[in-house]
Amino acid sequence: MRLSAPALLCASLVIASLSPATAQRVAPPAAPAVDARVAALRDAALVDTTAYDIVEGLTTEVGPRPGGSEAEARARAWALAKLTALGFKNVRIETTMKRTWARGVETAAVISPFPQPLRVTALGGSGATPAAGISADIVYFASFAELQRAPEGSLTGKIAFVSNAMVATQDGSSYGAFGPARFVGPNIAAKKGAVAIVIRSIGSDHGRGPHTGQTNFEPGVTPIPAGALSTSDADNLARMVARGKPVRLHLTLTPRDLGMTETGNVIAEVPGTDPGAGIVVIGGHLDSWDLGTGAIDDGAGVAITAAAARRLLDGPAPRRTIRVVWFGDEETGGAGSKAYFDAHKGERHALVAESDFGADRVWRVAFRLPLAAAAVNDRVAAALAPLGIVRSREAAGGGADVAPLVRAGVPVIDLNQDGTRYFDYHHTPEDTLDRIDPVQLRQNVAAWTAMLAIVANAPEDFGNAPAQ
């Protein structure tokens, strides 16, 4: 919210009428001056096209990059060449293995009482139907909580249908509220006897493109076929249920378990001058789901972080090494994140930060640094304020790829992007380059550049982050 000129004048008069001691308590503390070099780097990044060039090249020349697939291997080779061409040092690939799943035939149709096709996609880790599919009556649940409360055995021989309508939020918090229908809903339905489950896609759109995403079954629970219906088709199915007649569905999902295949991380560095000061790790994930081309999830994230780090290659070497990591297999289990931690946990990591929430503008910054480094927070916040970025009252939490480092106590900064429209396209066929606004993408690069310029050169010792 921005105050009008009359409102600012009124506020000034009120403060002026107070006693000096009271006015001092009302007025905010003065922000630290922004280093002119940091400001210059930040402002130059607002016209830098490197990030767009990266995500355009990745989505055009590689396209979708499912974890463990041949396409993900091509993406690693592409990334190695790209980061080398951009001038990064110590560019390399570190591989690991993962269990890989691949989708097959995907169809759904209402058989009765109102026959018509539905748009469906399998969730990652879904079990398979026979090649001819299965037919069964559905049991309707308006929410995930209703599925949880269903009696044991009540779904035997049935297809569970969870109509769990997500709404858009700027901070993406609704994903955590509605996502469990996908994360663990199929596991719960399987334990209650269901032969399959379909859910309303975990998305804020109103269209016919279904949203995929990973689901997880407990050890000992046999995976059942699990699909996500487009939000429009799920709404239509719910209207059929409301008419009070039994609804019978035919579902065909034939995914395959490919066994263990290779995934991995691509790493590049801006070398620092003080090895004892620790490493600043930044990045996103290189893999993507297969329905779109992985532009906002997470081509944009790897592009933003690499473009920002590259801006520090051209000037004096920073105090701390900046390590750019493009993680593999974030979407289907996080093998890349685990492999990075296992390989590098003995190194001193000063700070971590991750970009994995699309390409729209950064609107908020959050910190979790020790009290001794509080001045770093103030300097970063001051440098980001001209970009329209506010300071969060909540502590930073990091993301999936840096989670092992965060749990180990490494300090973290979050540059929160506007997620209002992110879940319209998340994990859908619409996750394509045209969803990226180049102006907002450059604002991200400017924010990351300013943050990196400060933390990589900060004289403070970051130490361990406060406990979460």
Side-chain angles (χ1 to χ4, degrees), residues 28-42 45 269-283 304-305 308-309 311-312 315-325 340-341 344-355 362-387 389-399 401-417 444 446-468:
V34 179
D35 186 295
R37 292 166 296 181
V38 172
L41 282 166
R42 176 198 65 205
E269 292 177 344
V270 180
T273 59
D274 183 357
I279 300 163
V280 176
V281 170
I282 62 170
I304 290 163
T305 51
R311 298 207 62 79
L312 274 72
R319 180 187 176 207
R320 294 180 175 88
T321 291
I322 300 169
R323 179 175 290 167
V324 178
V325 185
Y340 178 85
F341 183 76
H344 299 279
K345 61 187 175 184
E347 300 175 54
R348 186 180 182 192
H349 291 85
L351 182 129
V352 293
E354 178 178 341
S355 180
V362 176
W363 69 280
R364 185 175 67 179
V365 59
F367 303 94
R368 193 161 74 85
L369 277 73
L371 187 61
V376 177
N377 302 350
D378 296 337
R379 296 200 299 275
V380 171
L384 298 185
L387 298 175
I389 299 169
V390 301
R391 186 169 179 167
S392 177
R393 295 181 180 179
E394 301 173 1
D401 284 316
V402 300
L405 291 167
V406 174
R407 287 193 293 269
V410 178
V412 58
I413 293 177
D414 290 342
L415 294 175
N416 300 140
Q417 294 156 295
N444 274 263
W448 276 85
T449 299
M451 183 272 287
L452 283 178
I454 292 169
V455 301
N457 289 294
E460 292 88 349
D461 184 351
F462 292 173
N464 289 328
Q468 288 182 310

_A quick test of your reading: do over 12 heavy atoms of other residues, nucleotides or ligands sit less than 6.0 Å from CD of Glu347?_
yes
_Under the rule for side chain to side chain contact (heavy atoms under 4.5 Å, CB included), what residues qualify as partners of Asp461, not counting sequence neighbours?_
Arg348
*Tell me, please, whether Phe462 has Arg320 positioned over its six-membered ring: NZ or CZ under 6.0 Å from the ring centre and within 45 degrees of its axis?*
yes
_For the OG1 atom of Thr449 and the CD1 atom of Ile454, what is their distance to the nearest 0.5 Å?_
11.0 Å
*What is the minimum heavy-atom distance between Thr305 and Gly283, and which atoms define it?*
OG1-CA, 3.5 Å
*asked:* Looking at every non-hydrogen atom in both residues, tell me the closest pair between Asn464 and Pro370 and how far apart they are.
replied: O-CB, 3.4 Å
*About how many Å separate CG of Leu452 and CG of Leu41, when rounded to the nearest 0.5 Å?*
10.0 Å
*Note: Asp35-Arg42 ion pair, threshold 4.0 Å (strictly below)*: no
*Decide yes or no on side chain to side chain contact (heavy atoms under 4.5 Å, CB included) for Arg323 and Val352, but give the supporting numbers first.*
CA-CA 9 Å; Arg323 179 175 290 167; Val352 293; over 6 Å; no
_In the structure I gave you, are the side-chain heavy atoms of Leu387 and Val362 within less than 4.5 Å of one another anywhere?_
no
*Do any N or O atoms from the side chain of Asp414 and from the backbone of Gly398 form a donor-acceptor pair under 3.5 angstrom?*
yes
*Could you give the distance from CD1 (Ile322) to CD1 (Ile279), rounded to the nearest 0.5 Å?*
11.5 Å
_Checking Asn444 against Leu415 for the side chain to side chain contact (heavy atoms under 4.5 Å, CB included) test, could you report, in this order, the C-alpha distance in whole Å, the side-chain angles of both residues, the deciding distance, and whether it holds?_
CA-CA 8 Å; Asn444 274 263; Leu415 294 175; over 6 Å; no
*How long is the span from the CE atom in Met451 to the CD1 atom in Ile389, to the nearest 0.5 Å?*
10.5 Å
_To check you understand the geometry: which heavy-atom pair defines the closest contact between Pro318 and Ala456, and what is its length?_
CB-CB, 3.9 Å
*Close side-chain approach of Asp401 and Val325, heavy atoms under 4.5 Å*: no
_For the student: nearest non-hydrogen atoms of Trp448 and Ser355, plus distance_ = CZ2-CB, 3.7 Å
*Write down the atom of Arg319, the atom of Pro459, and the distance for their closest heavy-atom approach.*
NH1-O, 3.3 Å
*Closest approach of Ala395 and Ala366, non-hydrogen atoms and distance?*
C-CB, 4.2 Å
*Within-4.5 Å side-chain heavy-atom neighbours: Tyr340 and Leu405*: yes
*Please test Val406 against Arg368 for side chain to side chain contact (heavy atoms under 4.5 Å, CB included), starting from the C-alpha separation and ending with a verdict.*
CA-CA 10 Å; Val406 174; Arg368 193 161 74 85; 3.1 Å; yes
_Rounded to the nearest 0.5 Å, what separates atom CG in Asn416 from atom CD in Glu394?_
8.5 Å
